[in-house]
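Numbers restart at 1 for each chain; the letters A, B, ... are given by sequence-line order, proteins then strands.
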Amino acid sequence: MAFNTRTKIKEVLALEPTGQDTIVMGWVRTFRSNRFIALNDGSTPNNLQVVVNYENTSEALLKRITTGACLKISGQLVHSTGSGQKVELQASHIEVLGDSDAEKYPMQPKKHSLEFLRENAHLRMRTQTFGAVFRVRNAIAYAVHQFFQQKGFVYWHSPIITASDAEGAGEMFKVTTLPLDGTAPKNDDGSINFKEDFFGKATNLTVSGQLEGELAAMAFGDIYTFGPTFRAENSNTTRHLAEFWMIEPEMAFYDIEDNQNLAEEFIQYLIRYTMAQNAEDLRFLDERLKEEEKALPQDKRSEMGLIEKLQFVVDNKFERITYTEAIEILLNSTPYKKKKFQYDVQWGIDLQSEHERFLVEKHFKKPVIVTGYPAAIKAFYMRLNDGCEPGRETVAAMDILAPGIGEIVGGSQREERYEKLVARMEAMHIPTHEMSWYLDTRRFGACPHAGFGLGFERMVQFVTGMTNIRDVIPFARTPKNAEF
RNA sequence: GGAUGAGUAGCUCAAUGGUAGAGCAAUGGCCUGUUAAGCCGUCGGUUGAAAGUUCGAUCCUUUCUUCAUCCGCCA
């Protein structure tokens, strides 16, 4: 006899109650008045109210119905006379599958701070907020595949361990089996002899699958990667993780405009999908955000509610400006004139977060795509724009800036012209001999192509309204923290 | 890596240079159609760690540590 005879609570709540026999299994959120169990099984943010006839239930069993306990309950589904819900389950039999010592269980039926829940990340998904966040995360992940698969993109697995340290996207985690106690084999000059290491060379965890993605785009046309990515940067912010997930599509025969079109359509698709599939979760998160912002002074509150914001982003084209235009806007801005910016503005600077925030949150009040950055501040593989005035060379780069998040997408049209690419690599001291496999794409059947990277957690942040990136990944890896 | 702020009961917070208090939770009893918090009682803390100043430190100083926020790096 199979054990899984339950109906998921999401389905139960949608049923027309006719007193039908129903079996549910889930975890106790609260037990009120010795009579009402709020039961949740993770299928929905909503709880099922289970009514216990305490007069016919043993004292011993009642005592075991505690917050966090796992129960199997069979009973009859009936209309609820209470005001908080449409249906409820009149319990006829309750079985405790797993006790939860109320004295020890950290989750209490009350509001906890996000900091506390972060420290209890192994249990926080049992809360309404994190249940909603991670169901939304799941929906977005699924939508990523759906979007690209519908367009005929090939899901491509770029390696996680890489010997290339030329990807130019920051510090990398070393991968080695050599001993760390100082007995590792050395070269004559005292450096570690990686020829003796597992891979016979120094290897790291990937910071990007892009370069390998480009190889695949030269075979399949359109591909995308979606996997974990690692950065060993000592970044302590609400939008950086040492281990995060990134989606990197790479398309042959795309120029920078095609690239922008795809990225915009992609982001809007993800939001639209989630709004359709996880309406309940978003409603809860919307409410949560409103509650939370009540504590803030008026001017710190969001102008739009979460759902309102998402609808707005789906309904409106993203603003598209060039880097040069962005600089113009900043130079003419009130904060610049009143010297409110901490960092100076002039053509050639990398846009600082305060500048990006001004453009996105104050000036345009919508997502902004900035293109045409100075070549000097961007990566070697980005395509040099033709016809630049001397000293103002730009590349076909694009960043998508989202309100409250900042950079959510970074991408570019790639430099497909062999000579120009090699010249840039040499200028930027990228070892071309180690990258011959990459340069081969430019030797054999090169074509215009483009791609971008979307930070998956930043996307989840944007959709859920969670302000700290550590709250949208199950177990965050950040400097000094690899708990769980 | 830099700046700022913060670590007091399981949680959320309060307090004073004279060795700490509330609400919730837990727990015992009473109650019983409730929507986190019914009523009465009980338990609960080497005030993040170490050192220093002081007759005396949770409070002042230093170092360390952890966390949060902002900045830098980016997705």
Side-chain angles (χ1 to χ4, degrees), chain A residues 29-38 46-55 59 62-63 66-68 78 80-85 88 90 100-120 127-128 167-171 207-210 225-226 228-248 263 300 341-343 350-357 377-379 399-402 405-411 452-462 467-473 478-481 483:
Chain A
R29 283 284 167 79
T30 62
F31 185 34
R32 289 186 291 266
S33 304
N34 230 7
R35 185 190 275 273
F36 303 102
I37 303 170
N46 301 314
N47 301 324
L48 174 67
Q49 169 151 294
V50 178
V51 184
V52 183
N53 186 341
Y54 59 89
E55 283 153 337
E59 195 72 13
L62 287 172
K63 282 259 182 284
T66 55
T67 305
V78 298
S80 176
T81 53
S83 58
Q85 57 284 317
E88 64 189 22
Q90 285 286 348
S100 172
D101 185 343
E103 209 164 348
K104 309 254 175 63
Y105 187 60
M107 301 292 118
Q108 293 167 12
K110 60 176 260 184
K111 283 212 171 71
H112 283 109
S113 65
L114 293 174
E115 288 84 353
F116 173 77
L117 292 169
R118 217 169 284 150
E119 286 167 16
N120 291 278
T127 65
Q128 274 191 299
E167 289 164 2
E171 293 297 310
V207 293
S208 164
Q210 180 203 315
T225 70
F226 183 8
T229 309
F230 307 87
R231 303 274 164 91
E233 303 281 347
N234 191 4
S235 298
N236 295 292
T237 77
T238 53
R239 55 186 192 285
H240 288 87
L241 291 166
E243 175 185 292
F244 63 101
W245 289 65
M246 184 156 65
I247 297 135
E248 295 182 288
K300 288 261 174 68
F341 286 136
Q342 190 189 338
Y343 292 87
D350 209 350
L351 295 181
Q352 303 295 322
S353 342
E354 59 179 357
H355 305 140
E356 296 181 348
R357 261 205 315 277
I377 58 172
K378 287 292 183 182
D399 282 357
I400 301 185
L401 312 175
I405 311 288
E407 187 177 344
I408 195 164
V409 161
F452 61 84
L454 174 105
F456 183 61
E457 282 77 17
R458 289 187 183 175
M459 188 66 207
V460 179
Q461 272 190 280
F462 187 73
T467 50
N468 193 320
I469 199 166
R470 292 159 215 173
D471 295 331
V472 298
I473 189 167
T478 53
K480 302 273 181 277
N481 180 14
E483 201 58 48

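- Proximity of S113(A) to the phosphate of U12(B): a side-chain N or O atom is located under 4.0 Å from OP1 or OP2.
- Distance, N481(A) CG to U65(B) P: 16 Å, rounded to whole Å.
- Both distances falling under 3.5 Å, in either a Watson-Crick or a G-U wobble arrangement, place C60(B) opposite G52(B).
- Of the candidate nucleotides A75(B), A26(B), U34(B), A26(B) has the atom nearest to the side chain of A102(A).
- For P109(A), taking side-chain heavy atoms from C-beta onward, the closest of the listed nucleotides A36(B), C70(B), U35(B) is A36(B).
- Using N1 to N3 plus N6-O4 or O6-N4 for Watson-Crick, or N1-O2 and O6-N3 for G-U wobble, each under 3.5 Å, A22(B) pairs with U12(B).
- Both distances falling under 3.5 Å, in either a Watson-Crick or a G-U wobble arrangement, place C39(B) opposite G29(B).
- L241(A) comes within 4.0 angstrom of a base, heavy atoms only.
- Each of K480(A) and D399(A) lies near RNA chain B, and the nucleotide nearest K480(A) is the one positioned closer to the 5' end.
- Remark: the separation of the P atoms in C24(B) and U42(B) is 14 Å, to the nearest Å.
- OP1 or OP2 of G72(B) has at least one side-chain nitrogen or oxygen of S353(A) nearer than 4.0 Å.
- Taking 4.0 angstrom as the limit, R239(A) places a side-chain polar atom (N or O) nearer than this to OP1 or OP2 of G72(B).
- Look at the P atom in both A51(B) and C43(B): the space between them is 33 Å, to the nearest Å.
- Looking at heavy-atom distances under 4.0 Å, E248(A) makes no contact with the nucleic acid at all.
- Of the candidate nucleotides U32(B), A75(B), C71(B), A75(B) has the atom nearest to the side chain of F244(A).
- The base of C74(B) has none of its N or O atoms less than 3.5 Å from a complementary donor or acceptor on the side chain of S235(A).
- Using a 4.0 Å heavy-atom cutoff across all strands shown, Q85(A) reaches at least one base atom of the nucleic acid.
- Whole-Å rounding puts the N236(A) CG to A3(B) P distance at 13 Å.
- When distances are taken from the side chain of F116(A) to each of C67(B), C11(B), A26(B), the shortest belongs to C11(B).
- Among all heavy-atom pairs drawn from R35(A) and Y54(A), the shortest one is NH2-CE2, 3.6 Å.
- Taking atom P in both G56(B) and U19(B), the straight-line distance is 15 Å, to the nearest Å.
- Summarising the geometry of S80(A) relative to Q49(A), their closest heavy-atom pair is OG-NE2, 4.2 Å, with the distance given to 0.1 Å.
- Spacing between U35(B) and G18(B) at atom P, rounded to whole Å, works out to 44 Å.
- Closest to the side chain of R231(A), out of U69(B), G28(B), A75(B), is A75(B).
- Distance K111(A) NZ to A36(B) P: 9 Å, rounded to the nearest Å.
- The shortest distance between the side-chain N/O atoms of T238(A) and the OP1/OP2 oxygens of C70(B) is below 4.0 Å.
- No side-chain heavy atom of T229(A) sits under 4.5 Å from any side-chain heavy atom of W245(A).
- Across all strands shown, G453(A) has heavy atoms under 4.0 Å from sugar-phosphate atoms exclusively, and none from any base.
- No hydrogens or angles were tested; on distance alone, nothing pairs the side chain of R35(A) with the base of U34(B) as donor and acceptor under 3.5 Å.
- At least one side-chain heavy atom of T478(A) sits less than 4.5 Å from a side-chain heavy atom of L241(A).
- Across all strands, E88(A) comes closer than 4.0 Å to base atoms (heavy-atom distances).
- Looking at which nucleotide of RNA chain B each of E407(A) and T467(A) is closest to, the 5′-most match is held by T467(A).
- Across all strands, Q90(A) comes closer than 4.0 Å to base atoms (heavy-atom distances).
- When the P atom of U69(B) is taken as reference, atom CZ of R357(A) falls 14 Å away, rounded to whole Å.
- A donor-acceptor contact under 3.5 Å links the side chain of T81(A) to the base of G33(B).
- The K110(A) side chain lies nearest to C11(B) when the options are A68(B), A75(B), C11(B).
- When the side-chain nitrogen and oxygen atoms of N468(A) are compared with OP1 and OP2 of U69(B), one or more of them lie within a distance under 4.0 Å.
- Side-chain contact check for H240(A) versus I469(A): every heavy-atom pair is 4.5 Å or farther apart.
- In the interface, the side chain of E119(A) is not paired with the base of U66(B) through any donor and acceptor atom under 3.5 Å apart.
- Closest contact between the side chain of Q108(A) and the listed nucleotides A68(B), C11(B), C73(B) involves C11(B).
- Under the Watson-Crick or G-U wobble criterion, with both distances below 3.5 Å, A75(B) is left unpaired in every strand shown.
- Within the 6.0 Å centre-distance limit, the rings of F456(A) and F226(A) are counted as a close aromatic pair.
- Not a single donor-acceptor contact under 3.5 angstrom links the side-chain atoms of E103(A) to the base of G10(B).
- Between Q342(A) and C71(B), a side-chain N or O to OP1/OP2 separation shorter than 4.0 Å is absent.
- Residue-level contact check: N47(A) touches neither bases nor backbone, having no heavy atom under 4.0 Å from any strand.
- Across U12(B), U32(B), G72(B), the shortest atom-to-atom separation from the side chain of Y343(A) is found for G72(B).
- With rounding to whole Å, E354(A) atom CD is found 14 Å from C70(B) atom P.
- Counting heavy atoms from C-beta on, the side chains of R239(A) and R458(A) come closer than 4.5 Å.
- Put simply, the side chain of L117(A) reaches to within 4.5 Å of the side chain of M107(A), judged on heavy atoms.
- S235(A) places no side-chain N or O within 3.5 Å of a backbone atom of T237(A) that could act as its donor or acceptor partner.
- Using the Watson-Crick or G-U wobble rule with both distances under 3.5 Å, A6(B) pairs with U66(B).
- Counting atom types as modelled, E115(A) pairs no side-chain N or O with a base atom of G7(B) as donor and acceptor under 3.5 Å.
- Distance noted for atom P between G45(B) and A37(B): 28 Å (whole Å).
- G28(B) and G21(B) are spaced 26 Å apart, taking the P atom of each and rounding to whole Å.
- For the C1' atoms, the distance linking G72(B) with A15(B) amounts to 39 Å, nearest Å.
- In this structure, NE2 of H240(A) is placed 14 Å from P of U69(B), rounded to the nearest angstrom.
- Look at NE2 on H355(A): it is 15 Å from C1' on C70(B), rounded to the nearest Å.
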field: Trace of the side-chain hydrogen bond (donor to acceptor under 3.5 Å, both in side chains) decision for T67(A) with Q108(A)
entry: CA-CA 7 Å; T67(A) 305; Q108(A) 293 167 12; over 6 Å; no
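- Atom CG of L62(A) and atom C1' of U27(B) are 17 Å apart (whole Å).
- Listed pair R29(A) / U35(B) fails the phosphate criterion, with no side-chain N or O lying under 4.0 Å from OP1 or OP2.
- Distance noted for atom C1' between G17(B) and U47(B): 15 Å (whole Å).
- Among the atoms of the strands shown, none is found under 4.0 Å from any heavy atom of L454(A).
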